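Ligands are counted one by one from 1 in listed order, and the atoms in each one are counted from 1 as well. All values derive from a computational prediction rather than experimental measurement.
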Amino acid sequence: MEFRDLKSQYEELKDEIDAGIFEVIHSSHFISGMQVEQLEARLADYVGVKHCVTCANGTDALTLALMTWNIGAGDAVFVPDFTFFSSAEVVAYSGAYPVFVDVYEDTYNISVEDLERKIEETLKKGQYTPRVIVTVDLFGQPAEYPRLKAIAEKYGLLILEDSAQGFGGNIEGKKACSFGDIATTSFFPAKPLGCYGDGGAIFTDNDEWADYLRSLRIHGKGNGKYDNIRIGMNSRLDTLQAAILLPKLKAFQLKELQAVNKVACLYSELLRGYVGIPKICEGYVSSWAQYTIRLRDGALRRKVQDALKEQGIPTMVYYEKTMSQQKAFDGFGQNVNPIAGKLCNTVLSLPMHPYLNEEQIEMICKKLLNAVEGT
Ligand SMILES: *Cc1c(COP(=O)(O)O)cnc(C)c1O
């Protein structure tokens, strides 16, 4: 069994994907081919924002957004303590100071109460100026934007929505990647919408920022390719990856998003009451980048993981360390946030993809519950 079955997906979409790759090779437009523009138009349309600017990966997407807002030394950027490294790495890379915020135990997303506490603390200390909240749509579920936006407004902060895992989710129909002042996603193969290598995209309704981002991703270009008006990056999405993403986006819209929600529904039905299951807020839809459960403690997690491995069922621990526990952030001297710390010891992600069938899910749950009950 695969943790995320990319082979089955390829088998389903093979004709269209192969044709797309063939077309790019025959056109020789490997960089900035028309598939890139076509993909950007479709992504912007799907998400419901004015501009989509693709780039080389989800980490660059975040960096480009921070560059656009001129975030750097002296600025404080609020980031959940429980996320993938990139969300905070880009903040430190920009020269700004990341403030790690605790999360909710059942949704895994940033705690609005702790966020406000940390903003107040930062203001009181006066060393750094609060500028941005990086809201991560962790494991596929949008963060609590209605309340986050109120906080952002109250303190005059920008929202950078890190939706690397959230593409496809929504709140009452309004899609992920449309909540932040700027939003970003990743097309790393294992993400809800993945390509066959690295890729990323940035979304915004702001015309000025979109122009700036389009310049930054190609060496800060001005009127032409060899007219450079600012320091930028080399961060484009390959034409080949765009050609691969076009049929994948179609399949994502037509069936995959629905299919992962069915998988999650069955998992929750079978596991509810026995282990901690992910909570989806009222009116929210997740794109299920991960299906992540919570076990009583680290010892039980190890036992369950070993028992499943013995049966050929792969599981993963997202994440083993909080941001505050990462050696790379030692210099920021921050304490572990209690809920984030607890989650790192107790979470376990189960196989999750649109091509999991009912029998497989039932088998996984049966073996998992056997291991839990045998304690
Ligand atoms: C994957 C991921 C990223 C980075 O995306 P890459 O394309 O791998 O650079 C950023 N943030 C989160 C939350 C992620 O899961």
With [X] as the cation and [Y] as the aromatic partner, state whether NZ or CZ is under 6.0 Å from the six-membered ring centre and within 45° of the axis.
X: Arg230; Y: Tyr212; result: yes
X: Lys118; Y: Phe78; result: no
X: Lys191; Y: Phe84; result: yes

Quiz item: Can you tell me if Asn337 uses its side chain to pair, donor with acceptor, with the backbone of Ile339 under 3.5 Å?
Solution: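 Side chain of Asn337 to backbone of Ile339, a donor-acceptor pair under 3.5 Å: no, none is there.
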* Asked: Backbone N or O of Leu240 within a donor-acceptor pair of the Asp238 side chain at under 3.5 Å?
  ->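 Flag not set: sc Asp238 to bb Leu240 has no pair under 3.5 Å.
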Region of [X] that comes within reach of ligand 1 [heavy atoms, distance under 4.0 Å]:
X: Thr59; result: both
X: Asn57; result: both
X: Asp60; result: neither

Within ligand 1, which atoms have a heavy atom of [X] less than 4.0 Å away?
X: Val136; answer: 13 (C)
X: Ser87; answer: 11 (N), 13 (C)
X: Ala164; answer: 2 (C), 3 (C), 10 (C), 11 (N), 12 (C), 14 (C), 15 (O)

Checking the N or O distance criterion of under 3.5 Å, is ligand 1 in contact with [X]?
X: Phe188; result: no
X: Gln165; result: yes
X: Thr83; result: no

To check your reading of the model: name the closest protein heavy atom to [atom], its residue, and the distance in Å.
atom: atom 11 (N) of ligand 1; answer: Asp162 OD2, 2.7 Å
atom: atom 8 (O) of ligand 1; answer: Ser186 OG, 4.1 Å
atom: atom 10 (C) of ligand 1; answer: Ser86 CB, 3.4 Å

Option of least heavy-atom distance to atom 2 (C) of ligand 1 (set: Gln290, Glu89, Lys191):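 Residue with the shortest heavy-atom distance to the ligand atom: Lys191.
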* To do: Work out whether the distance between some heavy atom of Gly200 and some atom of ligand 1 is less than 4.0 Å.
  =>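 No; Gly200 lies far enough from ligand 1 that no heavy-atom distance drops under 4.0 Å.
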| Would Phe85 and Tyr319 count as a ring pair (Phe, Tyr, Trp, His ring centres under 6.0 Å) if you check the C-alpha gap in whole Å, the side-chain angles of each, and the deciding distance to 0.1 Å? | CA-CA 10 Å; Phe85 187 62; Tyr319 295 95; over 10 Å; no
Discussion item. Strictly below 4.0 Å, N to O, side chains only: are Arg117 and Glu120 in salt-bridge contact?
Written reply: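 Salt bridge: no.
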For this session: Could you tell me whether Arg147 and Glu113 make a salt bridge, using a distance below 4.0 angstrom between a side-chain N and a carboxylate O?
Result: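 Yes.
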- Message: For Tyr10, I'd like to know if atom OH has over 12 heavy atoms of other residues, nucleotides or ligands within 6.0 Å.
- Response: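 Yes, enclosed.
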